[in-house]
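Let me begin by presenting the structure, written as structure tokens, before commenting on it.
These figures come from a predicted structure and were not determined experimentally. Every chain is numbered from 1 and lettered A, B, ... according to where its sequence line falls, protein lines coming before strand lines.
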4 protein chains.
Amino acid sequence: MEAALELLANDGYYASSISKIAEKAGVSKGLMYNYFESKDALVLELLSKGIDEMLEYFDPNNDGILTEAEMESFIRNIFMLLKKDIKYWKLYYALFLQPQAFKLIQDKYTNLVPAFIGILTRYYEAHNSKDPVNEALLFGAMMDGVGFNYVMNPSLYPIDNLIDTILEKFCYIKNNKNEKT
Amino acid sequence: MEAALELLANDGYYASSISKIAEKAGVSKGLMYNYFESKDALVLELLSKGIDEMLEYFDPNNDGILTEAEMESFIRNIFMLLKKDIKYWKLYYALFLQPQAFKLIQDKYTNLVPAFIGILTRYYEAHNSKDPVNEALLFGAMMDGVGFNYVMNPSLYPIDNLIDTILEKFCYIKNNKNEKT
Amino acid sequence: MEAALELLANDGYYASSISKIAEKAGVSKGLMYNYFESKDALVLELLSKGIDEMLEYFDPNNDGILTEAEMESFIRNIFMLLKKDIKYWKLYYALFLQPQAFKLIQDKYTNLVPAFIGILTRYYEAHNSKDPVNEALLFGAMMDGVGFNYVMNPSLYPIDNLIDTILEKFCYIKNNKNEKT
Amino acid sequence: MEAALELLANDGYYASSISKIAEKAGVSKGLMYNYFESKDALVLELLSKGIDEMLEYFDPNNDGILTEAEMESFIRNIFMLLKKDIKYWKLYYALFLQPQAFKLIQDKYTNLVPAFIGILTRYYEAHNSKDPVNEALLFGAMMDGVGFNYVMNPSLYPIDNLIDTILEKFCYIKNNKNEKT
DNA sequence: CATGAATGAGGGTTCATTCAT
DNA sequence: AATGAATGAACCCTCATTCAT
């Protein structure tokens, strides 16, 4: 069911009417409201699922400390998620910019970011960064930007090629390929 | 006229009806259609103006070469633009993610990005980067992400603090403050 | 079952969906349709019950003659009914004014009124009224109006205080209190 | 325009959709919302107009005192109003009993009734009534009831015949016809 | 140049009713 | 006897757009 609904990512929040979603899902319009209280509730559920899924891969042992291995694994997993469900993440990014939709997850999001940045900051502190907070923010921004660019144009954006450069530039991790050569 | 219209950035594309825009602009609904063929045309014009404005600050002498000074100035100018017209850029980002709206500027955008990346790539080649293309892409992504994060929450995102770190990390430019100390 | 259903009087006919009624009654929506053919049938049954209950108190020995004692008892009983089940009678009055709902009991009602007025007319004839029919009609109207006003605002409408005045003015019955004084 | 809309009295508030009203009025659905902010606003306007019209005939010189002539004239005018616009008053009564609709005019109504009853009470005091308040309430109830009964079945309810009896019974006014005989 | 009355398609949502289980 | 998933029509309302003035 939800699988079909996610396709609203194709056309955006507003362009996807409940009618069309229901039709695509092969159910009646009325039935949609047995599963979701409203269109907003539907979207909120989708978004929440996405955020939770992403969090699973960030600091997985939940100790507030990000090792280099965890960092690398986080980046690789995020990219894997992006590639696995492009349309979903397209919706995800899109809704962030739609005021009405963003309000729905504002709370969840506002609580999350500082924690996220905090852990990253400690990572950079541990790597003797001169400006750990700034680096953390830039890392976040870069990840947002990569995701954004990738979902905008998946076929042309060479997301996999970027990993090594990211690891080196943002994580101080020399990637394996380079070590081999 | 357009000045008033840009305020549709406040509420997003769909939440801003022509009626409300016209009211805010102090003109009649009908008159809007003397100036703009349609709502989409209006939005296209707004977006085009934004893209052009941004381009003005990128490679200003149009020689296809980005000097360090031009690079620094570009970044500072972009941030200045963001700060000057937050709402506008919020709309700008938002529309990028709204498929229907993005189609309107897709052509313009698709032509632009390779040129943009090309110039950046040459910049990184000139700085002996190991992966100039990747660095160019990451720079673009980071700039997108910073803009995105800033317009999402202007009061909390310390965009000015980031400049020095960006210059150092992405442009190989040691910033002035450090030199002074 | 019906007891719970009557509470649809709270919100009116249209505002009370079968879903809500079923929920209030603690049964499933589907089961409702084992007991009542339709929502209208349910309402019809409720209304019929109300009319019958009222009739029980009017001309109880069914001889077509209303004695003064029967008249007084009728009035007192009606008021007692009103007070016992305000919500029910609110529904009752409300449905009378809703064309769609009224059609359901129109037959029952249309047959009833002339008989009712007939008996009242004979009461006024027996009391040497100059216009027995008119007095009968006015009595009916006044009773409707009192009920109407009472259920509209039970806490403020002093229905009990009215009884003596009604008895005197409409039934030529000197009330007890006066006799005592 | 409104003339056509009043015909929603035919079917009641809920059974009259904006679509049907618009169709009956010969305009588009959308246009309805140029004239009335919402369905409720439409109904409120209709009801307010009705209440105001009725008040015009009650205590016309606004001195808080009801002379016998004013009283008689009031009754005759009310009946005239009823007869002139049966459907309108049918709506009027109907909406009073529909909780959702009544809320719309509750304020207006709640303020009105005590003033109304007050003036009537003084009328009865001036006529040496034993229970002026009760008589005032009964008069109000009777008028409500007569209106109610008349609009329910205009062709059968002999509203004109009732006037003389009302004047005599409720206003202590011997009517002319009787004096002549 | 400028207005705003008018349209009609489409939006989200509710609800009486049915029916497989 | 009892459930609740499923339907589809109808509801109120919004909106981009047109056009007579």
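Residues W89(C) and V151(C) come closest through the heavy atom pair CB-CG1, 3.9 Å. K29(C) and S19(C) make their closest contact through CD-OG, 3.3 Å (heavy atoms, listed as atom of the first residue, atom of the second, distance). Scanning both residues, I86(C) and Y150(C), for their nearest heavy atoms gives CD1-OH, 3.5 Å.
In this structure, E23(C) atom CD and dA16(E) atom P are separated by 13 Å, rounded to whole Å. Counting to the nearest Å, the P atom of dC12(F) and the CD atom of E37(D) are 16 Å from each other. With rounding to whole Å, K39(B) atom NZ is found 20 Å from dA9(E) atom P. Atom-to-atom, CZ of F36(D) to C1' of dT14(F) comes out at 18 Å; the value is rounded to the nearest Å. To the nearest angstrom, P of dA16(F) lies 12 Å from OH of Y14(A).
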Working note: D144(C) + D144(D), criterion side-chain contact (heavy atoms from CB on, under 4.5 Å); need CA distance, chi angles, decisive distance, verdict.
CA-CA 8 Å; D144(C) 281 341; D144(D) 281 341; over 6 Å; no
Passes side-chain contact (heavy atoms from CB on, under 4.5 Å), M32(B) versus L42(B)? Steps please.
CA-CA 9 Å; M32(B) 299 289 295; L42(B) 186 165; 3.7 Å; yes
Run the side-chain contact (heavy atoms from CB on, under 4.5 Å) check on K49(A) and D52(A) step by step: do they pass?
CA-CA 5 Å; K49(A) 222 188 51 154; D52(A) 292 343; 5.9 Å; no
Would you tabulate the nitrogen or oxygen pairs shorter than 3.5 Å linking the protein to nucleotides 1-5 of chain F?
unit_1	atom_1	unit_2	atom_2	d
dA2(F)	OP2	Y35(C)	OH	3.0
dT3(F)	OP2	S28(C)	N	3.0
dT3(F)	OP2	S28(C)	OG	3.1
dT3(F)	O5'	S28(C)	OG	3.4
dG4(F)	N7	G30(C)	N	3.4

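Looking only at side-chain heavy atoms (C-beta outward), L31(C) and N34(C) come within less than 4.5 Å of each other.
Below 30°, between 30° and 60°, or above 60°: for F148(B) and F148(A) the angle between ring planes is above 60°, a perpendicular geometry.
Of the candidates dC13(F), dA16(E), dA16(F), dC13(F) carries the atom nearest the Y33(D) side chain, counting heavy atoms from C-beta on.
Remark: DNA chain E forms stems of 3 or more consecutive Watson-Crick or G-U wobble pairs, all pair distances under 3.5 Å, at E:2-21 with F:2-21.
Contact between the side-chain N/O atoms of S38(A) and the OP1/OP2 oxygens of dG12(E) is not found at any separation under 4.0 Å. An OP1 or OP2 oxygen of dT14(F) is reached within less than 4.0 angstrom by no side-chain nitrogen or oxygen of K20(B).
Atom OG of S38(A) sits about 10.0 Å away from atom CZ of F36(A), to the nearest 0.5 Å.
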